[in-house]
Amino acid sequence: MSEDEHAIEDAKRALRRRLRTERAERGPTWAAERAPALAARLQELTGSLEARTISAYLSTPDEPDTRAFLTWAAAQGIRVLLPVIREDGLLDWAEHDGTETIEATLGMPEPTADALAPTELESVDLMLIPATAVGRDGSRLGGGRGFFDKTIAAMAECPPVYAVVHDEELFDSVPHASYDQPVDGVVTPSGIHLTPRN
Ligand SMILES: Nc1nc2c(c(=O)[nH]1)N(C=O)[C@@H](CNc1ccc(C(=O)N[C@@H](CCC(=O)O)C(=O)O)cc1)CN2
Ligand SMILES: Nc1ncnc2c1ncn2[C@@H]1O[C@H](COP(=O)(O)OP(=O)(O)OP(=O)(O)O)[C@@H](O)[C@H]1O
């Protein structure tokens with residue numbers, strides 16, 4: 001890693017730490033209060049893209065809430081794929097069937113359904129991904145393990161990718177390196193924000 005890359009990684013770590021603390025301090029009630037507005041935005045986006053198969057994730061209590069949206073998607077017959085952490089640091093994908101368990105090493109909620117063939121992810125019409133912070137320029141700061149950067153970089157064909165964050169986590173730009181994958185848009189409770197990639 002070059003000196004510049006080290007500086008970027010340091011800046012990312014500092015911002016990630018600050019925003020994680022802020023999420024923990026706001027707590028789950030704060031996130032739950034914003035859940036209906038966020039679900040409405042996610043429904044609007046899914047509808048506008050006429051997406052029938054999507055990928056999303058099961059939110060933790062202090063992340064922007066995806067549960068209300070997932071309930072709506074199931075009722076609409078929209079197929080949802082959810083990430084399952086693999087031992088090798090990559091992600092598998094399993095169908096959202098209402099089941100969930102807490103993953104042992106990183107404590108993330110995950111479905112219990114069997115993993116699908118990795119190529120199934122390429123069939124989605126929209127990817128909704130978690131983030132710690134996002135820039136209006138499309139830059140994204142994730143959880144710090146590169147799960148989504150690696151997943152997106154490995155896809156032969158990539159559908160529109162939207163990061164989901166709290167309004168307080170949307171900036172002009174966030175520290176990013178050459179291997180960070182930019183997003184097409186950002187969904188917050190207040191709206192759908194398109195980035196210059198569109
Ligand atoms: N709800 C949800 N599910 C998800 C994600 C997510 O962000 N949210 N992920 C999105 O990627 C994956 C799990 N990602 C994770 C990324 C980092 C850590 C973690 O424990 N990080 C270290 C700090 C790492 C660092 O800053 O260098 C830590 O908190 O101690 C846990 C899970 C897959 N599932
Ligand atoms: N496209 C990639 N291919 C291989 N390794 C990668 C890729 N992107 C990131 N990594 C590795 O993953 C590590 C974490 O990356 P980074 O800090 O960008 O994660 P993040 O964007 O916060 O996390 P995530 O993508 O899981 O939400 C980096 O040290 C990097 O070496």
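Order of listing sets the numbers, starting from 1, for every ligand and every atom in it.
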Any N or O on Lys12 sitting closer than 3.5 Å to an N or O of ligand 2?
-> yes

protein heavy-atom neighbour closest to atom 17 (O) of ligand 2 works out as Arg16 NH2, 3.1 Å

Between Tyr57 and ligand 1, does any nitrogen or oxygen pair lie at a separation below 3.5 Å?
-> no

N/O to N/O below 3.5 Å, does that happen between Gly144 and ligand 2?
-> yes

May I ask which of Glu63, Lys12, Arg145 has a heavy atom nearer to atom 8 (N) of ligand 1 than the others do?
-> Glu63

May I ask you to identify the nearest protein heavy atom to atom 5 (N) of ligand 2, giving residue, atom name and distance to one decimal place in Å?
-> Lys150 CG, 3.7 Å

The answer for which part of Ile129 has a heavy atom under 4.0 Å from ligand 1 is neither

Hey, does Arg140 sit under 4.0 Å from ligand 2 if you only count heavy atoms?
-> yes

Classify the contact between Asp149 and ligand 2 as side chain, backbone, both or neither, using a heavy-atom distance cut-off of under 4.0 Å.
-> both

Please identify which atoms of ligand 1 are closer than 4.0 Å to at least one heavy atom of Arg16.
-> 26 (O)

Contact (N/O only, under 3.5 Å) between Leu141 and ligand 2 | no

Ignoring angles and geometry beyond distance, decide whether Pro130 reaches within less than 3.5 Å of ligand 2 through its nitrogen or oxygen atoms.
-> no

Numbered atoms of ligand 1 (with element) below 4.0 Å of Phe148, judged on heavy atoms | 9 (N), 10 (C), 11 (O)

Protein heavy-atom partner closest to atom 14 (C) of ligand 2 - residue, atom, separation in Å = Gly146 N, 3.4 Å

Among side-chain atoms of His166 and Thr188, is any donor-acceptor pair under 3.5 angstrom?
-> no

Taking only heavy atoms of Pro130, which atoms of ligand 1 are found under 4.0 Å from at least one of them?
-> 5 (C), 6 (C), 7 (O), 8 (N), 10 (C)

